[in-house]
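The model shown is predicted, which means the values in this text are computed figures rather than measured ones. Naming convention: chains lettered A, B, ... in sequence-line order (proteins, then strands); numbering from 1 in each chain.
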2 protein chains.
Amino acid sequence: MRPSGMDLGQRSETVRRANLSAIVRTLHEEGPQSRSDLVTRTGLTRSAIRVLVGELKAAGLASEDRAVRHGRPGRPSPEVSLVARAAVAVAFSIGVDTLAAAVVGMGGTLLGLSRTDRPRGHKVASAVVDDLVSLLDHLPSGRPEPETVVAVGVAVAGVVRSRDGLVETAPNLGWTGVPLGALLAARLGWSIPVVVRNESDLGVLAEHRRGAAVGIDDVLYVHGEVGVGGGVLVDGRPMAGAAGYAGEIGHVPVDASGLRCRCGAIGCWETQIGAGALLARAGLPRDAGPDALDDVFAAAEAGDVVAQAAIETTGRTLGSGLGGLVNTFNPRMVVLGGIFGRLHPHAHQAIWEELARHTLPAPRAMVRVVPAKLGVDAPLLGAAEVALESVLADPATRFGHRARVAQLASA
Amino acid sequence: MRPSGMDLGQRSETVRRANLSAIVRTLHEEGPQSRSDLVTRTGLTRSAIRVLVGELKAAGLASEDRAVRHGRPGRPSPEVSLVARAAVAVAFSIGVDTLAAAVVGMGGTLLGLSRTDRPRGHKVASAVVDDLVSLLDHLPSGRPEPETVVAVGVAVAGVVRSRDGLVETAPNLGWTGVPLGALLAARLGWSIPVVVRNESDLGVLAEHRRGAAVGIDDVLYVHGEVGVGGGVLVDGRPMAGAAGYAGEIGHVPVDASGLRCRCGAIGCWETQIGAGALLARAGLPRDAGPDALDDVFAAAEAGDVVAQAAIETTGRTLGSGLGGLVNTFNPRMVVLGGIFGRLHPHAHQAIWEELARHTLPAPRAMVRVVPAKLGVDAPLLGAAEVALESVLADPATRFGHRARVAQLASA
DNA sequence: CAAGTTTTGTGTTCCTCCCGCTCAAACCAC
DNA sequence: GTGGTTTGAGCGGGAGGAACACAAAACTTG
């Protein structure tokens, strides 16, 4: 129909919301900065910035500190920063081998994180939900104050319908049709949104905001564990697809005469580059646990030829698939997460050679392949970022009320 | 960094621009409608619509006709429509076998179209540019009035850098590094933008605005001729990638032991489903012309088993590749253009079976595969749409000046 | 160290633009 | 016709940012 967000008519109220959002977003993404920096970043005048920052301060969402001396003439401009604890997100992550919880404040401040092993094998969803929530009590910072929590974000290793957080399938968890969003919302009993997303979709967001892809708007993130998932940033926005299922690149068919995948199809990319494939090439059982993977990498570093060859071959297969994806997406950066991030130091040359062999010159010339910077925490931090999104998009609605109450009280 | 378009501060001027844009866009995409329809569509008040429509009328961009009687009580609301000839786009298309030119007015009104054969084989770019421009004289409507042309759009069967219209490579045209945008701009001598894009990226836009995918925001368009290209609509926006090279799905590697592609790589999808592959399967030379293709389809319809098998096999190969793309993009619709659109009636079952075999249940359940509705004209019409985009995004800047001049003259 | 320069915060006024309201016009139904 | 309904016309008001003038706080220079 039309670019979303452009559909409705604008009014002065919309302008204020957009401008508050621009300020909060700038501070959230680029960190504390002076008012005059905000003037240049947003294009608003000093008058407008003053009023809007004043409003954010009144709402308790921002604070101003003494200006930092930078040795240039002119009146110093006070530094504006977000109050991390004013609005926090609770983030959960359900990985193949671990569960994690975190509390993240505005500006991306990590206020607390705790992680625990998840034994492999099927486990009913309600038990996992209980485990997640009990993680909150093990946070070094303690449970967050409920009234400051704006939303809950959840990263899942599975196919997730973004609308309501239904986990359609999660082979590694043994889940099918689990209404995770609803379960978690009921268990928490907070009247705030619970946003569930695929872990790779969140991983690319985290790497974009806080990791290897800061400032880069076209990013392909490929995450490998037992399964292989992808997250794509298109023009700075996460690509969700029609229902949030986009990015299932692990199930792109690459070999018509290949192995049967856990998804039922033949020759999925995942069967060639997933953890199982690497383990098999190293002479280990496909379903060996994460410790076995550590062994393979350790062996390769120690000079084991079989392990090195397994890594090299996996890297080549990864590279040729990445080549197709680079042709498809024309990203400026490919970020490798999970085991691919660990593979990269050992196999970057093999990866790049095969990638180069299967890409057109133009997209090849502008892409870089790098390992993820946030490691295993990327999906968790991405979950926090999406949870905070509502505050970034509309700071006034959530905090305007509080500010108005404060005004009434003072009058 | 952040969703584009949200970066800068808003002001009242921005509001006006956005609202004018919302009105013009609605009329352009959904056709003429009453003022009260515009009220509901845009969410603006009657007062605002009145003023804004009045301004558009004053600028000559819109007109109001007597209300259409629809038998309901209440004062009738006059029908607002865009004046097609007030702002027109000149569109060109450079295909493998044809050149075309069109003039398209606001609202998507086709004001003139002319098409000519392009003999295969290399031809210097400047000669093609001359051919294109001379097509303008063969339009049934005659050359458009230069002052009404807002931009020129060009669809090319090649890899195009969108920033400046440089054609990086176009194997079917024998081009490498041709600055088509600059050449055409110089040849025309008009001081308006020349926008050059890949034909598939434009095809998906056209099918979205005027064809099979109207109202659908997540679309995968796959265009097959000698080469295979793709255009993707993500949340209503064309996916361009970092430089405009996105969508080169014809060069995704699908068979490590396959044929060498014209791009130099091994086993590109294009080698299996392009026109050459279909011809070869039908027992004809890979580089036979378009007439040979017509023969294959005719033979299949006449019951020729070899032709039918060739089409069926090509359909299966197409379907399995589409499966991977459906997993990747989670589109609501796959639109098949070029020879794939002609293939679809003969092979839709084969296509769907293989697609289904290689997709996850969730994305599979929500996708439809349909042939393109606009046929060979899709890229040309898409070129017109992108050329008109500047008027849609900001009607005031282009026409405000004219309106102000009119005001001054009347004062 | 005092005066000038530069940059930025403060506060007031002004302008733009949309909303809300009232009234009138144009349609339908009876 | 008379009343109900929907919509256009026009006017006043409010919200919000821009523009401007002035003051404050740093650096620079002699």
| note | Protein heavy-atom contacts under 4.0 Å, written 5' to 3' over nucleotides 4-12 of chain C as B (base), S (sugar-phosphate only) or - (none), form the string --BBBBBB-
| note | The side-chain contact (heavy atoms from CB on, under 4.5 Å) partners of A/Ser36 (sequence neighbours excluded) come to A/Ser34, A/Ser77
| request: Under the side-chain contact (heavy atoms from CB on, under 4.5 Å) rule, what do B/Ser63 and B/Lys57 come out as? Steps first, then yes or no, please. | output: CA-CA 6 Å; B/Ser63 66; B/Lys57 280 171 65 180; 5.6 Å; no
| field | A/Glu30/A/Arg25 salt bridge by N-O under 4.0 Å criterion | value | no
| Partners meeting side-chain contact (heavy atoms from CB on, under 4.5 Å) with A/Val80 (sequence neighbours left out) | A/Leu27, A/Arg35, A/Leu38, A/Val53, A/Ala62, A/Glu64
| field | A/Glu29 and A/Arg209 ion-paired at < 4.0 Å | value | yes
| said: Just by distance, no angles: are the side chains of B/Glu385 and B/His208 close enough, under 3.5 Å, to form a donor-acceptor pair? | reply: no
Taking only nitrogen or oxygen atoms into account, show me every contact under 3.5 Å that the protein makes with nucleotides 13-17 of chain C, one pair per line with its distance.
none

| query | Sequence neighbours excluded, which residues qualify as side-chain hydrogen bond (donor to acceptor under 3.5 Å, both in side chains) partners of A/Arg17? | reply | A/Asp394
| request: Calculate, to the nearest 0.5 Å, the distance between atoms CG and CG belonging to A/Leu44 and A/Asn19 respectively. | output: 4.5 Å
| 5' to 3' contact window, DNA chain D with chain A (heavy-atom distance under 4.0 Å) | D/dG16 to D/dC27
| message | Rounded to the nearest 0.5 Å, what separates atom CG in A/Leu110 from atom CG in A/Leu381? | response | 6.5 Å
| task | Look at A/Arg85 together with A/Glu145 and state whether they make a salt bridge at an N to O cut-off of under 4.0 Å. | result | no
